[in-house]
Amino acid sequence: DLSKLPNLKVLKFIWSKLTKLPENIELLSNLEVLSLASNNIKLIDEDLGKLTKLKLLSLSNNRTLKELPESIKNLKCLQLLDVSGTGLKRLREEISENTELVIINANASKLETLPKNIGNLKKMVTLNVASNRLRELPESIGELQNLQDLSLASNDLESLPDGISRLKKVQFISLEFNRFKMFPKEVLGLDSCYNLWMHNNSFPSIPEEVGKMKSLTHLLVDHEIITDDNIEAIKAVNPEIRVIREDTRKYVKGSKRKN
């Protein structure tokens, strides 16, 4: 009976076969950590928004979860949101009102869209939306002024918004296994980026200007398409860059690149 635990700060129901939020969870007004990972939750009701002191919310590996409640916008203290491995097709727009968020893990889901105003999340440091179905990114992503780690691998991106070049604190960006036909030059403006993953894309070459990226130390390129001459041209600009041929698909069946 959760009504007897009004001062509870941490609640975890993992691998518990839950299909919905625990009864009376809205009475836990002091709750700061809620993990409902690896259950069978299909619906999160609006009572979630009453947990206004919540700092960490994990709903990961609930494969049947299709939507988050509108009331998630009321979680003004939320710092970490983990919805990886769910059935979510969108991160709803209201999440852009959770301005204390530092980390969003939403990889290995079914996301097709991100919040248009995601740039409101000025404290965001880590955004992991790899292995989804994203075809485009909102322009406002360039307003994530504290972002350091951006994982976009294994989506359906063909281009990047101009705003990407404004992410001056990004240190790591993964773009492998997308639908880029041309190298996305927006990444050339990432002054703090030291680790750039570009392999398993179909673009035929990488501009030697990559060698001028101020902080770049590691560049992962396609194991078949990128030529020795191309790599040498990059290293001629900056001999210190380590260029590594990589294949993220080497242990799985199917195409090495998306058409």
Colleague: Is Val33 close to Leu11 at the side-chain level, that is, under 4.5 Å between some pair of heavy atoms?
Modeller: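 Of all side-chain heavy-atom pairs linking Val33 with Leu11, none is under 4.5 Å.
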Colleague: Should Val102 and Leu80 count as side-chain neighbours, where that means a heavy-atom distance under 4.5 Å?
Modeller: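 They are not in side-chain contact.
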Colleague: Grab the two heavy atoms, one from Asn107 and one from Asn132, that are nearest each other, plus how far apart they are.
Modeller: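 So the minimum-distance heavy-atom pair works out to CA-ND2, 3.8 Å.
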Colleague: Does CZ in Arg245 sit with more than 12 non-hydrogen atoms of other residues, nucleotides or ligands closer than 6.0 Å?
Modeller: yes
Colleague: Determine, step by step, whether Ile173 and Cys193 satisfy the side-chain contact (heavy atoms from CB on, under 4.5 Å) criterion, reporting the C-alpha distance in whole Å, the side-chain angles of both residues, the deciding distance to 0.1 Å, and the verdict.
Modeller: CA-CA 7 Å; Ile173 182 168; Cys193 181; 3.9 Å; yes
Colleague: Could you see if Ile44 belongs to whatever hydrophobic cluster contains Leu101? Use Ile, Leu, Val, Met, Phe, Trp, Tyr and a side-chain cutoff under 4.5 Å.
Modeller: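 Looking at the clustering, Leu101 is in the same group as Ile44.
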Colleague: Taking Leu68's backbone N and O only, do any of them form a donor-acceptor pair with Arg92's side chain (distance below 3.5 Å, no angle check)?
Modeller: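 Checked: pair present.
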Colleague: Checking side-chain contact (heavy atoms from CB on, under 4.5 Å) for the pair Leu216/Asn238: CA distance, chi angles, key distance, verdict?
Modeller: CA-CA 9 Å; Leu216 192 63; Asn238 183 353; 6.0 Å; no
Colleague: May I ask whether Leu54 and Ile25 are part of the same hydrophobic cluster, defined by side-chain heavy atoms of I, L, V, M, F, W, Y residues being less than 4.5 angstrom apart, directly or through others?
Modeller: yes
Colleague: Quick check: are there more than 12 heavy atoms from other residues, nucleotides or ligands sitting under 6.0 Å from NZ of Lys89?
Modeller: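 At most 12 heavy atoms, drawn from other residues, nucleotides or ligands, come within 6.0 Å of this atom.
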Colleague: Using modelled atom types only, decide if a donor and an acceptor are shared between the side chain of Asp247 and the backbone of His223 within a distance under 3.5 Å.
Modeller: no
Colleague: I need the Asn98 CG to Asn120 CG distance, nearest 0.5 Å.
Modeller: 10.5 Å
Colleague: To the closest 0.5 Å, what do you measure between CG (Leu134) and CD (Glu112)?
Modeller: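 These two atoms lie 8.5 Å from each other.
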Colleague: Between CG of Leu18 and CG of Leu59, what distance do you get to the nearest 0.5 Å?
Modeller: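 If we round to the nearest 0.5 Å, Leu18:CG and Leu59:CG are 11.0 Å apart.
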Colleague: For Phe180 and Leu175, what are the C-alpha separation, side-chain angles and deciding distance, and is it a side-chain contact (heavy atoms from CB on, under 4.5 Å)?
Modeller: CA-CA 9 Å; Phe180 297 107; Leu175 292 165; 4.1 Å; yes
Colleague: How long is the span from the CG atom in Leu43 to the OG1 atom in Thr19, to the nearest 0.5 Å?
Modeller: 9.5 Å
Colleague: Evaluate the criterion side-chain hydrogen bond (donor to acceptor under 3.5 Å, both in side chains) for residue pair Ser84 and Asp82; output intermediate values, then yes/no.
Modeller: CA-CA 6 Å; Ser84 56; Asp82 190 345; 2.6 Å; yes
Colleague: Under a 3.5 Å cutoff, is there a donor and acceptor pairing between the side chains of Lys9 and Asn30?
Modeller: no
Colleague: Please answer whether the main-chain N or O of Thr64 pairs with a side-chain N or O of Asn62 as donor and acceptor at a distance below 3.5 Å.
Modeller: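 Flag not set: sc Asn62 to bb Thr64 has no pair under 3.5 Å.
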Colleague: Would you find a donor on one side and an acceptor on the other, under 3.5 Å apart, between the side chain of Asn195 and the backbone of Trp197?
Modeller: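 Not confirmed, Asn195 side chain does not pair with Trp197 backbone.
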Colleague: At their closest point, which heavy atom of Met213 faces which heavy atom of Leu196, and how far apart are they?
Modeller: SD-CD2, 4.2 Å
Colleague: So, Ser109 and Thr86: side-chain donor and acceptor under 3.5 Å apart, yes or no?
Modeller: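 Result is yes, a qualifying pair exists.
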Colleague: Strictly below 4.0 Å, N to O, side chains only: are Glu158 and Lys181 in salt-bridge contact?
Modeller: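 Looking at Lys181 together with Glu158, the answer is no, because their closest N to O distance does not fall below 4.0 Å.
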Colleague: Salt bridge or not for Lys116 and Glu139, using N-O below 4.0 Å?
Modeller: no
Colleague: Treating Glu46 as the side-chain partner and Ser71 as the backbone partner, does any N or O pair qualify as donor plus acceptor under 3.5 Å?
Modeller: yes
Colleague: Less than 4.0 Å between a side-chain N and a carboxylate O, is that true for Glu143 and Lys122?
Modeller: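 Yes, Lys122 and Glu143 are salt-bridged.
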Colleague: Side chains of Ile14 and Ser35: does their closest heavy-atom pair fall under 4.5 Å?
Modeller: yes
Colleague: Is it true that the side chains of Lys123 and Asn146 contain a donor and an acceptor less than 3.5 Å apart?
Modeller: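 No pair is found: no donor N or O on one side chain lies under 3.5 Å from an acceptor on the other.
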Colleague: With a 4.0 Å cut-off on N to O distance, would you call Asp156 and Lys258 a salt bridge?
Modeller: yes
Colleague: Any donor-acceptor pair under 3.5 Å linking the side chain of Thr126 with the backbone of Ile103?
Modeller: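 Here the side-chain-to-backbone pair does not exist.
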Colleague: Taking all non-hydrogen atoms of both residues, which atom of Ser174 and which atom of Ser151 are closest, and how far apart?
Modeller: OG-CA, 3.2 Å
Colleague: If you compare all heavy atoms of Leu137 against all heavy atoms of Leu157, which two are closest, and at what distance to 0.1 Å?
Modeller: CG-CD2, 4.1 Å
Colleague: Specify the closest pair of heavy atoms between Lys17 and Asn40, including all atoms of both residues, with the distance to one decimal.
Modeller: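 For Lys17 versus Asn40, the nearest heavy atoms are CA-ND2, 4.0 Å.
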Colleague: With rounding to the nearest 0.5 Å, note down the distance linking CG in Leu127 to CG in Leu144.
Modeller: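 The CG atom of Leu127 sits 7.0 Å away from the CG atom of Leu144.
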Colleague: If you count every heavy atom of other residues, nucleotides or ligands that lies below 6.0 Å from Lys235 atom NZ, does the total exceed 12?
Modeller: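 More than 12 heavy atoms, drawn from other residues, nucleotides or ligands, come within 6.0 Å of this atom.
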Colleague: Taking the side chain as everything from C-beta on, heavy atoms only, tell me whether Met198 gets closer than 4.5 Å to Leu220.
Modeller: no
Colleague: Taking Ser140 for its side chain and Gly119 for its backbone only, find out whether a donor-acceptor pair lies under 3.5 Å.
Modeller: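 Yes, the answer is positive, given that a donor and an acceptor are paired below the 3.5 Å cut-off.
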Colleague: Are the side chain of Asn39 and the backbone of Ser16 linked by a donor-acceptor contact shorter than 3.5 Å?
Modeller: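 Between the backbone of Ser16 and the side chain of Asn39 there is a qualifying donor-acceptor contact (under 3.5 Å).
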Colleague: Report the residue from Leu65, Leu21, Leu57 that forms a side-chain contact (heavy atoms from CB on, under 4.5 Å) with Leu36.
Modeller: Leu21
Colleague: Under a 3.5 Å distance rule, please check whether Asn201 uses its side chain to pair with a backbone N or O of Asn178 as donor and acceptor.
Modeller: yes
Colleague: Below 4.5 Å, heavy atoms only, C-beta onward: do Leu160 and Val187 meet side chain to side chain?
Modeller: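 The answer is yes; the side chains approach within 4.5 Å.
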Colleague: Can you tell me if Gln79 has over 12 outside heavy atoms packed within less than 6.0 Å of its CD?
Modeller: yes
Colleague: Using a strict threshold of under 4.0 Å (side-chain N to carboxylate O), is an ion pair present between Glu208 and Lys212?
Modeller: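 Result for this pair is no, no salt bridge flagged.
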Colleague: Would one find more than 12 heavy atoms of other residues, nucleotides or ligands at under 6.0 Å from atom NZ of Lys168?
Modeller: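 Yes, NZ of Lys168 has more than 12 neighbouring heavy atoms, counting only those of other groups under 6.0 Å.
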Colleague: Within the structure provided, determine whether Asn230 and Glu232 are in side-chain contact (heavy-atom separation under 4.5 Å).
Modeller: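 Counting from C-beta outward, Asn230 and Glu232 never come under 4.5 Å.
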Colleague: Find out whether Leu111 and Leu91 are in side-chain contact, i.e. whether some heavy atom of one side chain is under 4.5 Å from a heavy atom of the other.
Modeller: yes
Colleague: Please report the closest heavy-atom contact between Lys76 and Glu100, naming both atoms and the distance.
Modeller: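 Reported closest heavy-atom pair: O-CG, 3.1 Å.
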Colleague: Going by an N to O cut-off under 4.0 Å, is there a salt bridge joining Asp45 and Lys20?
Modeller: no
Colleague: What verdict does the side-chain contact (heavy atoms from CB on, under 4.5 Å) test give for Val210 and Leu219, after you've listed the backbone C-alpha separation in whole Å, the side-chain angles of each residue and the deciding distance to 0.1 Å?
Modeller: CA-CA 9 Å; Val210 166; Leu219 172 63; 3.9 Å; yes
Colleague: What I want to check is whether the side chains of Asn117 and Glu93 have a donor and an acceptor closer together than 3.5 Å.
Modeller: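 Yes, a side-chain donor-acceptor pair sits under 3.5 Å.
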Colleague: Side-chain heavy atoms nearer than 4.5 Å, only ILVMFWY residues, links allowed to pass through others: does that put Phe13 and Trp15 together?
Modeller: no
Colleague: In the structure I gave you, are the side-chain heavy atoms of Ile164 and Leu190 within less than 4.5 Å of one another anywhere?
Modeller: yes
Colleague: State whether Arg257 and Asp222 are salt-bridged, where the test is any N-O pair (Lys NZ or Arg NE/NH1/NH2 against Asp/Glu carboxylate O) under 4.0 Å.
Modeller: yes
Colleague: Would Ile95 end up clustered with Val125 when hydrophobic side chains under 4.5 Å apart are linked, directly or stepwise?
Modeller: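 No; Val125 is not reachable from Ile95 via cluster members.
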Colleague: Would you say Ile104 and Ile72 are hydrophobically clustered, going by side-chain heavy atoms of ILVMFWY under 4.5 Å?
Modeller: yes
Colleague: For the CG atom of Leu2 and the CG atom of Leu8, what is their distance to the nearest 0.5 Å?
Modeller: 7.5 Å
